[in-house]
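Written out below as C-alpha cells is the structure these notes cover.
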Amino acid sequence: MTKQQNEFPGLNRTTVSSLQVSGIFYRIRLLLLFIIFLFACEKDQDDPVFEPQYLVESEHIAEFTSDEILNMLDNIEGLPPGFSLFLRYDISVYRIVYETVDTENKPVLASGAVVVPREQDPLPLISFQHGTITKEEDAPSYFSSVEYHTAAIYSSAGYIIALPDYLGYGSSKHLDHPYEHGHSLATAARDMLRAFREFDKTNQEFTANNNLFLTGYSQGGYATMALLKLLEEKHSDEFMVTAATAGAGAYNKSEFARHILEWNGELVHMNNFLWVLETYNRVYNLNRPLNYFYNEPYLENIEAGGVFENTELNPQNLFTDTFREGILKGTDSDFIEVLANNDNYNWKPFSPLQLYHGTDDDFVFYFNSETAMEAMSDLGANQVELIPVEGGDHYTTVMDFLSGTFLFFTQF
C-alpha cells in the first residue's frame, strides 16, 4: 500500500485527481468573482454620479417649428436673399439658472436662455451676448422680445445658442445692472457657458460639438470682446474659441470718455452715457456725489428721476468743469484708472475675429473698432478683420453684422 493510500483510506488515484481538479476550478471561480468585484468598484470610482457645479435648474419654455421660424423672417429686413434655405430644424427654448458672481465677486444666481435645434447629431454652440435693454421682460430668459428672433433663426440653421441675461435681469433682477462693466459681463457669460456644458450632460435632447463661437452687437459687442479676452487669457485650458464677431462695441472706453467730454453739441444718446457713468461710480466705490459730475439745473432732474430723466444733451453744459478737466487734463487718476480697467481694445486675440461697425455711428463711435484693429495688429494679431459699413449708423448696420456673422461662422 502506498503512502497516499495510508493517509487517505478508501480513496483511489482517480478520486484524488478529481478532487484536485475541483479545487482548482473552485479557486478559479473565486478569482473571477474577485476580479469582477474589483472591476465594479473601479467602474464606480471612474463614473461617479454627476453633480453640477454651476447649473441650478432648467425649464422648457417654448417651441417653434421651422415653418414658424420662416415666418419670423418677414419681420427681419436686410438678410441676404435665400437665407430661408438654411432653416431646417424645429427648435426648443430653455431657461436655465446658474451660479456666478456679482461685481464684488460674491456668489449670485443668474439666468439665460438656451435655444436648441431638434437634432440628435452634435451641433456647434454660439454664445450670443445681447445688446442694451432697459426692460426686465426683454431679457433673453423670457424669450418674448422680437429681438431674439435672430437667435431662433440661427438655431434653426443648425446652431445651439446660449444667451446670458447678464447681472441685473432674470434671476438677478434684484441687482442694478452693471451697464458696460466689462468684467461682470464677461464672467456672467463665462459661467453661462459652464452651466450650459452641465445642462448638455444632463439632457437627452441635444449635444454640442467642439465648435464654440462668440458674437454680440452694441453692448453685446463689448461683452463679446470682454468674454473673448477673459477666455483666452484666463481659461484657455477650459475653452477653445473657434471664431468670434463683435459689432459696434464701445471697446475703447478711455477715448470714448474724452470724445464725449470734448464734444460741443447735442448727443442724442446722452442718457446711456450717464448710465455708464453711474455704473462706474457705484461699482468701483468712487461714490462721488452727483454734483461732482453735473451742473444745475440738470443736477436736480437727475437726482429726482435718475439717468434716464430728460436732461441737457450738450456735455459742455451738462458736466461740471471739474469733472471734464479731470479727465481731459489727466488729473482725475481714479476715474481714468476705472476707464482703463474697462478698455477692451488693446490686447492680442488668437481666435479669428471680425469687427463690424458703421462709419456714421453716432451712438458708439466708429473709432472704437478702428483703434481696436490698430492696437491688435500692432500687438501681432493676424486673424482680426475690421469690416466697416460705409454710411451705416448704429441701427442700419445690424443686418450687415448678422448676415456677415452667419456667413463667417459657416466657414468653420
Side-chain angles (χ1 to χ4, degrees), residues 78-81 83 86 124-131 150-151 153-154 157-159 161 182 185-186 189 210-233 236 239-256 342-412:
L79 290 174
F83 197 90
F86 292 100
L125 171 66
I126 298 177
S127 182
F128 203 131
Q129 286 62 242
H130 69 79
T150 300
I153 291 168
Y154 271 54
Y159 292 93
I161 314 292
L185 291 171
N210 292 326
N211 286 335
L212 171 61
F213 299 97
L214 312 180
T215 191
Y217 189 85
S218 191
Q219 186 187 17
Y222 176 71
T224 295
M225 193 78 91
L227 174 61
L228 179 60
K229 186 174 187 289
L230 177 66
L231 297 187
E232 289 197 345
E233 294 184 353
S236 60
F239 297 98
M240 180 65 68
V241 177
T242 306
T245 64
Y251 321 117
N252 192 339
K253 287 288 192 290
S254 297
E255 181 59 30
F256 206 140
N342 285 275
D343 282 339
N344 273 309
Y345 75 98
N346 53 347
W347 61 287
K348 180 183 177 181
F350 294 96
S351 307
L353 171 65
Q354 285 187 339
L355 303 175
Y356 290 80
H357 217 125
T359 58
D360 290 350
D361 194 328
D362 63 350
F363 186 174
V364 181
F365 304 103
Y366 177 71
F367 67 75
N368 282 277
S369 291
E370 193 172 40
T371 55
M373 182 69 209
E374 292 172 356
M376 291 174 176
S377 297
D378 289 344
L379 290 170
N382 56 15
Q383 296 193 84
V384 181
E385 180 183 8
L386 172 58
I387 301 175
V389 179
E390 296 296 334
D393 62 26
H394 199 68
Y395 304 100
T396 60
T397 300
V398 172
M399 285 301 109
D400 292 86
F401 163 74
L402 292 174
S403 58
T405 293
F406 184 85
L407 295 174
F408 181 51
F409 287 174
T410 59
Q411 298 175 26
F412 299 92

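No hydrogens, no waters, no symmetry mates; every other heavy atom, side chains included, goes into these values. Remember, predicted model here, so these are calculated numbers, not experimental data.
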Taking distance alone, no hydrogens or angles, what donor-acceptor pairs closer than 3.5 Å link side-chain atoms of residues 404-412 to residues at least two apart or in another chain?
{"residue": "Thr405", "atom": "OG1", "partner": "Thr245", "partner atom": "OG1", "Å": "2.9"}
{"residue": "Thr405", "atom": "OG1", "partner": "Phe401", "partner atom": "O", "Å": "2.8"}
{"residue": "Thr410", "atom": "OG1", "partner": "Leu407", "partner atom": "O", "Å": "2.6"}

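Other residues, nucleotides and ligands place no more than 12 heavy atoms under 6.0 Å from the CG atom of Asn210.
Between the OG atom in Ser351 and the CZ atom in Phe239 there is a gap of 13.0 Å [rounded to 0.5 Å]. Rounded to the nearest 0.5 angstrom, Asn382 CG and Lys348 NZ are separated by 7.0 Å. Atom CG of Leu379 and atom CD of Glu374 lie 12.0 Å apart (nearest 0.5 Å). Distance CG/Leu228 to CG/Leu214: 6.0 Å, rounded to 0.5 Å. Between the CD1 atom in Ile153 and the CD1 atom in Ile161 there is a gap of 11.0 Å [rounded to 0.5 Å]. Expressed to the nearest 0.5 Å, how far OG of Ser254 lies from CG of Asp343 amounts to 3.5 Å.
Contact check for Phe83 versus Ser403: no side-chain heavy atoms found under the 4.5 Å cut-off. At least one side-chain heavy atom of Met225 sits under 4.5 Å from a side-chain heavy atom of Leu355. Looking at heavy atoms from C-beta onward, Phe256 lies out of side-chain contact with Thr371 at the 4.5 angstrom threshold. Side-chain contact between Glu255 and Tyr345 is absent, with no heavy-atom pair separated by less than 4.5 Å. You'll find the side chain of Asp393 stays beyond 4.5 Å of the side chain of Phe363, heavy atoms only.
Between Gln129 and Thr224, the shortest heavy-atom distance links the atoms NE2-OG1, 2.9 Å. Here the shortest heavy-atom pairing between Gly158 and Pro124 reads O-CD, 3.5 Å. Contact between Pro349 and Val384 at its shortest, heavy atoms only, is CG-CG2, 3.6 Å. In terms of heavy-atom proximity, Asp361 sits nearest to Ala248 at OD2-CB, 3.8 Å. Minimum heavy-atom separation, Gly182 to Asn342: N-OD1, 3.0 Å. The two residues Asn344 and Met376 have their closest heavy-atom pair at O-CE, 4.5 Å.
Between His394 and Tyr217, the distance separating the two ring centers is shorter than 6.0 angstrom.
In this structure, Thr396 contributes its side chain and Gly392 its backbone to no donor-acceptor pair below 3.5 Å. Judged by distance alone, with hydrogens and angles left aside, the side-chain atoms of Gln354 form no donor-acceptor pair with the main-chain N or O of Ile387 at under 3.5 Å. Side chain of Thr215 to backbone of Phe128: no donor-acceptor contact under 3.5 angstrom is found.
Ring geometry for Tyr154 versus Tyr159: interplanar angle of 30 to 60°, hence tilted.
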